[in-house]
Amino acid sequence: MRKIDVNDKIDTSPFGGFQWAVVALCATLLIVDGYDVFVAGTVLPTLIAEWGLTKPQAGALQAWALFGMMFGALIFGQLADRIGRKKGIAISFLLFTTSTLLTGFATSPDQFKIFRFIAGLGCGGLMPNTVALMNEYAPKRLRSTMVALMFSGYSVGGMVAAGLGIGLIPHYGWQPMFFAAAVPLLLLPLIVWQLPESIGFLLRQGQQDKAKRIYAKLYPKTALEAGDTLAFSETKSTSTSVTELFRHQRMLSTLMLWVAFFCCLLLVYLLSSWLPKVLQEAGYAEKASLLSLFSLNFGGMAGAIVGGWLGDRFGLPKVVVGFFIAAAVSIALIGYNPPSTILFLMVFVAGAATIGTQILLYASVAQLYNLSIRSTGLGWASGVGRIGAIVGPTLGGALLAQQLPLQQNFLIFAIPAAVAALAMVVFAISNARKTKTVVLATA
């Protein structure tokens, strides 16, 4: 009769086929999620022309989905700590794919806002739960890499949106961009069938039999005996209250991550919403402006994967600080109206250092909190970040309406990256002190 610590087993065992399947499923979910988020930026110039919107009105139109994401992250993050990751993911996926499909039938800005708000609820709920699930099934030595690899699907979705926009919008208008959501909706039965529940959640609920079935898939060569029981070393706390995020010397770390999330998502949605329009007004062709969105997301994918690999070797806080500095520099340089080749390079770096860094921030949050409050921590960090995401397109619309010089606009856009870099320096110092305190206490 044995008591097997699943968390310890995952940390000390090779990364197997079952875990790769979890990576693939979560990455697929995030491809769809990324498409939904970035599709709005591809259609924005067309909507401005068709509905006669001012830039501030267009920025507000974009903000409705982001309001939904903020509430979705707060609601579904905490809800999933109670009902399970799998149910939280399935509900979120159904919500945003259905609402995105319905957006294609909108005939006015008001209808568009309602459908985008509901879609945002689902998008906001999906991200923290997929990160929490992947973080649990990945060994500690590979967590940053695997979360980043999974989350690169988000950037792939953005590239798909940009690619389809180049081919569809000039010939068929903006509506087919949203009708495309009917295709991933067909994936829902596969997700419900194949995606595993959090094994730690099952053990917290006392569901040993279900946990053992997943364990058998994780380690098919390690047979469980009749009297064996499974345990998860992070299941001591049963509270999922937000106040838990500030306990155990986590207050400063939590607040600094929230600042970094706010600034990072402000940049992600500012660039994804307005970059094509701004570049068109700066004299770049429509195709080039949409290709910039492709370059932004391609950079995001590369930045996430490389950043995750570097984070596992040198520590996530150091890597994130470096990425935010690169974001500030590259965004500022875009404003100098460089030749197309240099422009795409700067946009690539900006994508790597904003979209990619967003993914690294999710990994940082997942590693800060234990299992019982992980989705809550991810949900609140994401929810605070969504406030920045709302500010981003709205601020962009207001600034562009002032008709400031292009260079001055992008210098202003670079400020949040510098603030985020400073916040992550404080986070790194706080974490180092906390780790030193724990070591001294156990010595």
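Here the structure is a predicted model, which means the values were calculated and not measured.
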(request) Please confirm whether the backbone N or O of Gly167 pairs with a side-chain atom of Tyr172, one donor and one acceptor, at under 3.5 Å? (result) no
(request) Not counting sequence neighbours, list each pair that qualifies as a salt bridge (charged side-chain N to carboxylate O under 4.0 Å, His left out) and has a residue in residues 48-74. (result) Lys55-Glu281
(message) Once salt bridge (Lys or Arg N to Asp or Glu O under 4.0 Å) is applied, do any residues pair with Lys86, and if so which ones, sequence neighbours excluded?
(response) none
(message) By the definition ring pair (Phe, Tyr, Trp, His ring centres under 6.0 Å), identify the one residue from Phe178, Trp64, Phe105 that meets it with Phe112.
(response) Phe178
(message) With a 3.5 Å distance limit and no angle check, can you tell me whether Gln111 reaches the backbone of Thr107 through a side-chain donor-acceptor pair?
(response) yes
(request) With rounding to the nearest 0.5 Å, note down the distance linking CG in Leu271 to CD1 in Ile355. (result) 8.0 Å
(request) Could you grab the distance from atom CG of Leu47 to atom OG1 of Thr42, nearest 0.5 Å is fine? (result) 9.0 Å
(message) Do Met424 and Met256 make a side-chain contact, defined as non-hydrogen atoms from C-beta onward lying under 4.5 Å apart?
(response) no
(message) Looking at Phe298, I want to see if its CZ is surrounded by more than 12 non-hydrogen atoms of other residues, nucleotides or ligands under 6.0 Å.
(response) no
(request) Please identify each residue that fulfils side-chain hydrogen bond (donor to acceptor under 3.5 Å, both in side chains) with Asp312, with sequence neighbours left out. (result) Ser144, Thr145
(message) What I'd like to find out is whether the side chain of Tyr362 reaches to under 4.5 Å of the side chain of Thr130, using heavy atoms alone.
(response) no
(message) Counting neighbours of CZ on Phe67 that are heavy atoms of other residues, nucleotides or ligands and sit closer than 6.0 Å, is the number greater than 12?
(response) no
(message) Would you compute the distance between atom CG of Leu411 and atom CZ of Phe413 and round it to the nearest 0.5 angstrom?
(response) 10.5 Å
(request) Measure the spacing between CZ of Phe15 and CD1 of Ile10 and express it to the nearest 0.5 Å. (result) 9.5 Å
(message) Using 0.5 Å steps for rounding, measure from the CG atom of Asp33 to the CE atom of Met127.
(response) 4.0 Å
(message) Within this structure, what is the CE-CH2 distance for the pair Met150 and Trp20, rounded to the nearest 0.5 Å?
(response) 12.5 Å
